[in-house]
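Chain A is the first sequence line, chain B the second, and so forth, proteins listed ahead of strands; every chain is numbered from 1. Below, each value reflects all heavy atoms present in this structure, side chains not excepted, and no hydrogens, waters or symmetry copies.
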There are 2 protein chains.
Amino acid sequence: MKKGSVTIKDVAKKAGVSPSTVSRVISQNPRISKGTADKVLQCMKELGYYPNAVARSLASKKTGTVGVIMPTSSEDIFLNPFFPEVLRGIVKGASQSGYDLLLSTNFEKDEELKVVENFIRSSKVDGIILTYSKVNDQCIEFLCSEDFPFSLIGTPDIHKEKVNHVDNDNFQAAYQGIMDLIAEGRKRIAFLAGDKNLTVTQMRLAGYKEALRENGLSFDENLLYFGNFDEATGNLYGKVIAELEERPDGIIVTDDVIAFALVKSLQEFGIKIPEDIGLVSFNNSILAALANPPLNSVEVNPFKLGEEAMNLVVQAMTKGVRGKRTVIPYEIIYRNSTGT
Amino acid sequence: MKKGSVTIKDVAKKAGVSPSTVSRVISQNPRISKGTADKVLQCMKELGYYPNAVARSLASKKTGTVGVIMPTSSEDIFLNPFFPEVLRGIVKGASQSGYDLLLSTNFEKDEELKVVENFIRSSKVDGIILTYSKVNDQCIEFLCSEDFPFSLIGTPDIHKEKVNHVDNDNFQAAYQGIMDLIAEGRKRIAFLAGDKNLTVTQMRLAGYKEALRENGLSFDENLLYFGNFDEATGNLYGKVIAELEERPDGIIVTDDVIAFALVKSLQEFGIKIPEDIGLVSFNNSILAALANPPLNSVEVNPFKLGEEAMNLVVQAMTKGVRGKRTVIPYEIIYRNSTGT
DNA sequence: CTGAAAGCGCTTACAG
DNA sequence: CTGAAAGCGCTTACAG
C-alpha cells in the first residue's frame with residue numbers, strides 16, 4: 001500500500017463534512033442529499049480518492065471476494081480444457097456481479113480442505129466455489145457445518161438439500177449415450193472414467209447401468225475401468241481391452257483426452273473404430289473433433305457451469321439461498337464413432 | 001465473516017499476556033521467550049484461534065496477495081493451452097512463497113488497466129503479474145510510474161530497465177526456426193502471428209528478419225500475416241496463401257492452434273506439407289503432435305514462465321528488485337513439418 | 001522480553 | 001439529512 005494515500009478524512013475535510021457522510025456517499029446511501037453528495041464526489045475526484053478495500057472489509061465484515069477452489073494444480077486434470085472454460089465462466093459471472101476472485105493455491109494433493117479453511121477462518125472471502133465435486137467431499141462437509149455460502153459445480157452426494165450446485169444431467173447424458181450405442185446393435189458395453197471418486201463419474205455410471213438394465217443387457221464389473229484424466233489412462237486401457245478374450249463392442253468414456261488416446265491405442269492393436277468398437281465420449285473438446293474417426297462427444301457447456309456457479313454463490317451470500325440446483329443442458333455431438 | 005469469532009484479545013486474556021505479545025508470537029517475533037510463546041500457542045489452539053487476515057493487512061499495510069492479470073476472458077487467447085500452464089506455474093510459485101492470488105476479472109476487452117488500477121488503488125494486492133506483454137502497454141506505464149512491484153511474462157518494449165520480466169529468447173527461437181527452414185532449401189518464407197501488438201510477436205519477427213538478412217533472402221512485407229490465436233486465423237490465411245500467385249515455400253507460425261488450422265486449410269487446397277511448404281510453429285501443444293504431418297514446434301515452457309514470474313514479483317515486493325530479466329530456455333521439438 | 005497506546009481507514013448504530 | 005463516537009482485529013514504535 002502506498003504511504004500517505006488520501007483517506008476518507010482528507011475528503012471530509014476538503015468537503016467540509018464528516019467522515020461518516022463521505023462514507024455514506026461512497027456506499028451510495030440514499031439518505032444523503034444530492035447537494036452534499038455532489039460536493040463530496042467532486043472532492044473525491046479532485047483528491048484522487050480511492051476507498052481502501054481492506055479497511056472497508058474490516059469495518060463491514062465483507063470482503064467482496066469469492067474463493068475459487070480449482071483442482072490440485074500438480075495434477076493433469078488442471079490442464080483439461082474443461083477447467084479454463086469453467087474459469088472463464090466464473091470470471092464472466094464475477095465481472096457482472098462485481099466480486100473479486102481469490103484463487104486456490106493448492107499445488108499438492110489433498111490440500112483443498114486446508115485452503116478452504118484458511119480462506120474462511122482468516123476471513124479472506126465471503127463465499128466459495130468448488131469447481132468439481134468428489135465423493136464424500138470433506139470441503140462440502142466443512143462448508144455445510146459452518147453454513148458458509150458456497151456453490152458447487154457438479155452434484156453433491158451429501159447434504160444435497162443444503163448445497164447450491166450446478167450440473168448437467170449426467171445420468172441422462174450417459175443413459176442416452178448408451179442407448180445410442182445399443183441402437184447400433186452394441187451388446188457388450190464398457191465404461192471408462194477418469195476418476196472414480198468424482199460424483200460425476202458415479203452419476204454417469206448410474207445412467208450406464210440403467211440403460212443396460214432397461215435393455216436386458218447384463219452388467220459386468222469387469223467392463224468398468226477407472227484412471228486419470230490423461231492420455232496414459234487411454235493408452236493403458238487400450239492395451240487392456242485389446243488383450244481381452246471377450247472384448248466389448250462399445251465403450252463410453254467420460255473424457256475426450258482419455259478417449260482420444262484410447263482410440264489410437266486400440267487402433268494400434270488393429271481394432272477398428274467404430275466397426276469393432278463403438279464409442280461415445282464427453283466434453284466435446286477439440287480432440288473429439290480431431291480424432292480419427294471424429295468422436296461422438298457430449299458437450300457439457302463448462303462456460304455456463306462456471307457462470308452459473310458464480311450466480312449461485314452470489315445468491316448464497318446475498319440472499320441466504322441454500323440447496324438450489326441448476327441444470328445446464330448437455331448436447332450429444334454426433335460424429336462417426338458410434339457406428340453407421 | 002463469522003460473528004463472535006475468537007480474537008487476539010481472547011487469546012491474550014486466556015494466556016495472561018498482552019495482545020501485543022500474542023501478535024508477536026503470531027508473527028514469530030524472535031524476542032518472545034520460548035515459555036510465553038508456548039503458552040500462547042497452546043491457548044490459540046485451545047480456543048481455535050485464527051488470525052484475521054483483513055485486520056492484519058490493515059495494520060501492517062501488506063495484503064500477502066498478488067494480482068494476476070490474465071487475458072480478457074471473452075477472447076480466444078484465454079483458451080489457448082498456454083495460459084492454463086502459465087497459471088499452474090504461478091500457483092506453484094504462490095504455494096511455495098505463501099502468497100494468495102487475486103485473479104483479474106476483466107471479461108470485456110481493454111479493461112486490464114482498470115483492473116490493475118483498482119487492485120492497487122484499493123490496496124487489494126502487494127504485487128502484480130502481467131501474464132502477457134503488449135506493445136506500449138498502459139499497464140506497464142502505470143505500474144512503473146507508481147513504482148509498484150510487478151513482473152511481466154514476456155519482454156517489455158518500454159521501461160525495460162525497470163521491469164522484472166521472464167521470457168524465452170524469442171528472437172533466437174524464431175531465428176533458429178527460420179534457419180532450419182532455410183537449411184531445407186526454403187527461400188520464400190512467410191510469417192504468421194496471432195497478434196501484432198504482442199511484444200513476443202515483435203521479437204519473433206525481428207529474429208525472422210535477421211535470419212533472412214543473414215542468408216541474403218529478401219524481406220517481403222506481403223508475406224507477413226497477423227490475426228488471432230484461433231483456428232479461424234489459420235483457415236483464413238490457408239486460403240489467402242493458397243490463392244497467392246507466388247506462394248511461400250516455408251512458414252513460421254507463432255502458435256499451434258493457428259498452425260494446425262493452417263495446415264488443414266492448405267491441404268484442402270492440395271498443398272502438401274512439408275513438400276510444398278515447410279512449417280515451424282510455437283508452443284508445442286498437443287495439436288502440434290496430432291497434426292498431420294506432426295509439426296515442428298517450439299516448446300516455450302509456460303509452466304516455468306509462470307513459476308518464475310511469481311518469483312520475480314516476490315523479489316520485487318520483498319527486496320525491491322527491479323529490471324531483472326530471466327530467460328527460460330526454449331526447445332525446438334523436431335517432427336515432420338519442416339522437410340526431409 | 002513484554003505492555004500500553006496509538007493507529008491502520010473504514011462502517012454503523014445512535015442521536016439529533 | 002448529518003455528525004460524534006465506538007469499533008472492526010490486528011501491528012508496531014516507544015518505553016521499560
>> I need the residues from residues 22-34 of chain B with at least one non-hydrogen atom less than 4.0 Å from DNA chain D; give them sorted by number, or say none.
In response: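 Those residues whose heavy atoms fall under 4.0 Å from DNA chain D, taken from residues 22-34 of chain B in numerical order, are B:Ser23, B:Arg24.
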
Please determine whether a side-chain nitrogen or oxygen atom of [X] lies at a distance below 4.0 Å from atom OP1 or OP2 of [N].
| X | N | answer |
| --- | --- | --- |
| A:Thr36 | D:dT2 | yes |
| B:Ser60 | D:dT11 | no |
| B:Thr21 | C:dG3 | yes |

For the pair made of [atom1] in [X] and [atom2] in [N], what is the distance, rounded to whole Å?
| X | N | atom1 | atom2 | result |
| --- | --- | --- | --- | --- |
| A:Arg56 | D:dG9 | CZ | C1' | 19 Å |
| A:Leu58 | C:dC10 | CG | P | 12 Å |
| B:Met44 | D:dC10 | CE | P | 10 Å |
| B:Lys9 | C:dA4 | NZ | C1' | 13 Å |
| B:Tyr50 | D:dC10 | OH | C1' | 16 Å |
| B:Asn52 | D:dC8 | CG | C1' | 8 Å |
| B:Lys62 | C:dC8 | NZ | C1' | 14 Å |
| B:Lys61 | D:dA13 | NZ | P | 13 Å |

>> If I compare all heavy atoms of A:Lys124 with all of B:Asp100, which pair ends up nearest, and what's the gap?
In response: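 For A:Lys124 and B:Asp100, the tightest heavy-atom pair comes out as NZ-OD2, 2.7 Å.
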
>> Please report the distance separating the C1' of D:dG16 from the corresponding atom of D:dT12, rounded so that it comes out in whole Å.
In response: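 One C1' to the other, the span is 16 Å.
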
>> Taking the P atom in each of D:dC1 and D:dA5, what is the distance between them to the nearest angstrom?
In response: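 Approximately 24 Å lies between the P atom of D:dC1 and that of D:dA5.
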
Residues, nucleotides or ligands: over 12 heavy atoms within 6.0 Å of [X] [atom1]:
| X | atom1 | answer |
| --- | --- | --- |
| A:Glu161 | CD | yes |
| B:Lys13 | NZ | no |
| A:Lys304 | NZ | no |

Exercise: do [X] and [Y] side chains pair donor with acceptor under 3.5 Å:
| X | Y | answer |
| --- | --- | --- |
| A:Ser20 | A:Ser23 | no |
| B:Thr155 | B:Asp167 | yes |
| A:Asn29 | A:Ser27 | no |

> NA contact type, A:Thr7, heavy-atom cut-off 4.0 Å: base, sugar-phosphate, or nothing?
Replying inline: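 Answer is sugar-phosphate: A:Thr7 comes under 4.0 Å of backbone atoms only.
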
>> For a quick check of understanding: with a heavy-atom distance under 4.0 Å over all strands, which category does B:Ser20 fall into, base, sugar-phosphate or nothing?
In response: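 B:Ser20: base contact, heavy atoms under 4.0 Å.
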
> Can you tell which of D:dG3, C:dG9, C:dC10 lies closest to the side chain of A:Ser5?
Replying inline: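 Given the options D:dG3, C:dG9, C:dC10, the side chain of A:Ser5 is closest to C:dG9.
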
> When rounded to the nearest 0.5 angstrom, what is the spacing between CD1 in B:Ile129 and CG in B:Leu101?
Replying inline: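 Here the rounded value is 6.5 Å.
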
> Measuring from B:Ile128:CD1 to B:Ile120:CD1, what's the distance to the nearest 0.5 Å?
Replying inline: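 Answer for the CD1-CD1 pair, B:Ile128 versus B:Ile120, is 4.5 Å.
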
> Can you name the salt bridge (Lys or Arg N to Asp or Glu O under 4.0 Å) partners of B:Arg88, sequence neighbours left out?
Replying inline: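 With sequence neighbours excluded, B:Arg88 shows a salt bridge (Lys or Arg N to Asp or Glu O under 4.0 Å) to B:Glu85, given in chain and number order.
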
>> As a test of your reading of the structure, name each stem of DNA chain C as range with range, where a stem is three or more consecutive Watson-Crick or G-U pairs at under 3.5 Å.
In response: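 The stems that DNA chain C takes part in, listed by first number, are C:1-3 with D:14-16, C:5-12 with D:5-12, C:14-16 with D:1-3.
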
